[in-house]
Structures are given as C-alpha cells and as structure tokens.
Amino acid sequence: DHHGQLLAKIMSFMMDRLAVHEEGLLALPWDKSLEMNRFDIPSIYITTLAKEAFVLHKILWTLLPHGEVVDIFQRVLDAYGSRLSSGYDVLDTEKPWVRSRIIADVVHVHDLLFQLDVIQSNSEMFQPITRMYQRYVVDLRKAASVKSDSSSQTSAPDGPLLSEPN
C-alpha cells in the first residue's frame, strides 16, 4: 500500500544519510592530531546526523501514529548504534585526541536524541545509543583514567577529557 511504501522510503532515506555520515566519520584524519584540530568538536558528521534525526522526528511526530514513529525510530536508533560503533571500533582510542573526539561526538548524539518525544515515551528503544554511550564515553573515560593514573608517576597525563553530560 501507499502508506507502507512511504514508511519504507523514509527508512531508506535515513539509512542513505547514515551511510553518508559514516563516510564522513571515516574520512576524518584520525591519525593526525594537528589536522584533527582544524575540525569542529563535536564533528560535523555527528551534528548533522543528530539534526537530521531531530528534524525527521519533529515532522513524523505530528503526522504519524505513535506506534509508527516508535517503529521507525527503533530501526533508526538500532542502525545508528551498530554502524557508528563499527566506525569507532577501527579507530585508535589510545590516542588522546581520538578518544576525546569520539567522546564528544557520542555525548552530542546521545544528548540530542535523548530529548526526542518518542524516546521520552519509550525509553527502552534508546538502548542502542545507551550501549554506544557506555562503550565510547564511560568506558573510554575509565580507560584513560586508569592509563593516566598508572603513567602519572613517569609522565604527564593525556590531558583533560570532556565532562559528563548533565
């Protein structure tokens, strides 16, 4: 039916946009600290991804039944969590500038998406983003802290990491 085709088209569009943002993530010069300093934090790929999801939500929330918005965003959030994590997995998080940028990017997308009405009404659907936050914010901060504590007797720590979100 026409309605089903429209929903499939929305999902296809969001997955195409995610693919573009994945390319943006992987295209950054992660191994070159000085070059990375030229790019905004949070990174443009993540700010644009979050903004697109926010705008889509705003439109769909007013037009579609709640259950359909939940279905679409469950699939979108599953894809975001999985595919962004795959991108971060190939990066060298031992480098402090890589670690700090990943943390900033994940905090940004987490905090913005958490504000969506569909999440507020159905928080369990946020689990893919929560798992990504745990892995790339909480765990990276802990690892950096342990590394910093163990090396502080012989060298300076990596430097400050971004603060926890409020």
Side-chain angles (χ1 to χ4, degrees), residues 9-59 72-116 118-119 125-166:
K9 196 60 129 169
I10 291 169
M11 278 306 302
S12 175
F13 172 76
M14 290 305 289
M15 294 306 99
D16 289 348
R17 295 301 306 149
L18 177 56
V20 168
H21 298 305
E22 281 179 292
E23 290 173 17
L25 160 69
L26 297 174
L28 288 170
W30 291 96
D31 58 338
K32 298 178 178 132
S33 175
L34 292 177
E35 284 187 45
M36 286 300 279
N37 288 338
R38 296 182 327 183
F39 296 95
D40 290 338
I41 295 178
S43 303
I44 189 73
Y45 77 89
I46 205 74
T47 58
T48 306
L49 175 83
K51 181 179 179 184
E52 289 169 356
F54 202 83
V55 169
L56 176 69
H57 173 271
K58 189 175 181 181
I59 294 166
I72 289 169
F73 271 84
Q74 182 65 64
R75 290 188 275 159
V76 167
L77 296 175
D78 285 345
Y80 283 9
S82 171
R83 291 169 62 177
L84 290 172
S85 292
S86 294
Y88 297 138
D89 282 346
V90 302
L91 302 176
D92 183 1
T93 57
E94 292 296 313
K95 296 175 180 170
W97 69 88
V98 172
R99 191 170 46 246
S100 293
R101 183 170 292 268
I102 291 172
I103 289 169
D105 290 352
V106 173
V107 165
H108 179 77
V109 75
H110 173 276
D111 291 356
L112 190 62
L113 294 179
F114 189 72
Q115 297 174 38
L116 299 178
V118 72
I119 303 301
M125 73 185 299
F126 201 58
Q127 285 304 308
I129 305 302
T130 301
R131 282 191 300 273
M132 187 172 68
Y133 183 90
Q134 176 68 41
R135 185 172 179 186
Y136 297 104
V137 177
V138 176
D139 293 351
L140 281 181
R141 284 181 176 153
K142 283 180 188 174
S145 176
V146 168
K147 182 177 178 170
S148 176
D149 289 346
S150 67
S151 66
S152 65
Q153 296 171 9
T154 59
S155 65
D158 288 342
L161 293 177
L162 302 174
S163 62
E164 291 282 340
N166 293 332

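- When side chains are defined from C-beta on, Tyr80 does not count as touching Met132, because their heavy atoms never get closer than 4.5 Å.
- Looking at every heavy atom in both residues, Leu112 comes nearest to Ala50 through CD2-CB, 3.3 Å.
- The closest side-chain heavy-atom distance from Trp30 to Ile102 is below 4.5 Å.
- Looking at Val106 and Leu84, their side chains never come closer than 4.5 Å, going by heavy atoms from C-beta outward.
- Here the CZ atom belonging to Arg99 is positioned 6.5 Å from the CD atom belonging to Glu94, to the nearest 0.5 angstrom.
- Listed for the Ser85 side chain is no donor-acceptor partner under 3.5 Å among the backbone atoms of Ser82.
- A distance of 11.5 Å separates CD1 in Ile10 from CE in Met15, rounded to the nearest 0.5 Å.
- Scanning both residues, Pro42 and Thr47, for their nearest heavy atoms gives CG-CG2, 3.7 Å.
- With rounding to the nearest 0.5 angstrom, the NE2 atom of His110 is 6.0 Å from the OH atom of Tyr133.
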Open item on the list: Run Tyr88 and Arg135 through side-chain contact (heavy atoms from CB on, under 4.5 Å) and show every step you take.
Closed with: CA-CA 10 Å; Tyr88 297 138; Arg135 185 172 179 186; over 6 Å; no

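- In this structure, the side-chain hydrogen bond (donor to acceptor under 3.5 Å, both in side chains) partners of Gln74, at least two apart in sequence or on a different chain, are Asp78.
- Note that CD1 of Ile119 and CG of Leu113 are 7.0 Å apart. Values are rounded to the nearest 0.5 Å.
- Between His21 and Ile46, every side-chain heavy-atom pair lies at or beyond the 4.5 Å cut-off.
- Residues Met11 and Ile72 meet the side-chain proximity criterion, which asks for heavy atoms closer than 4.5 Å.
- Annotation: ring-ring contact (aromatic ring centres under 6.0 Å, His included) contacts of His57 (sequence neighbours excluded): Trp61, Phe73.
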Open item on the list: What verdict does the side-chain contact (heavy atoms from CB on, under 4.5 Å) test give for Leu56 and Phe13, after you've listed the backbone C-alpha separation in whole Å, the side-chain angles of each residue and the deciding distance to 0.1 Å?
Closed with: CA-CA 10 Å; Leu56 176 69; Phe13 172 76; 5.9 Å; no

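- Using a 4.5 Å cut-off on side-chain heavy atoms (C-beta onward), Phe126 and Leu77 make contact.
- Judged purely by atom type and a 3.5 angstrom limit, Ser145 has no side-chain atom pairing as donor or acceptor with the backbone of Arg141.
- Contact annotation: the side chain of Ser43 approaches that of Arg101 to within less than 4.5 Å [non-hydrogen atoms, C-beta and beyond].
- Taking CG of Leu91 as the reference point, atom CG of Leu25 lies at 6.0 Å (rounded to 0.5 Å).
- To the nearest 0.5 Å, atom CZ of residue Arg83 and atom CG of residue Leu18 are 4.0 Å apart.
- For the residue pair Tyr136 and Asp105, no side-chain donor N or O sits within less than 3.5 Å of a side-chain acceptor on the partner.
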Task: Chi angles and distances behind the side-chain contact (heavy atoms from CB on, under 4.5 Å) call for Met36, Ile41 - done: CA-CA 10 Å; Met36 286 300 279; Ile41 295 178; over 6 Å; no

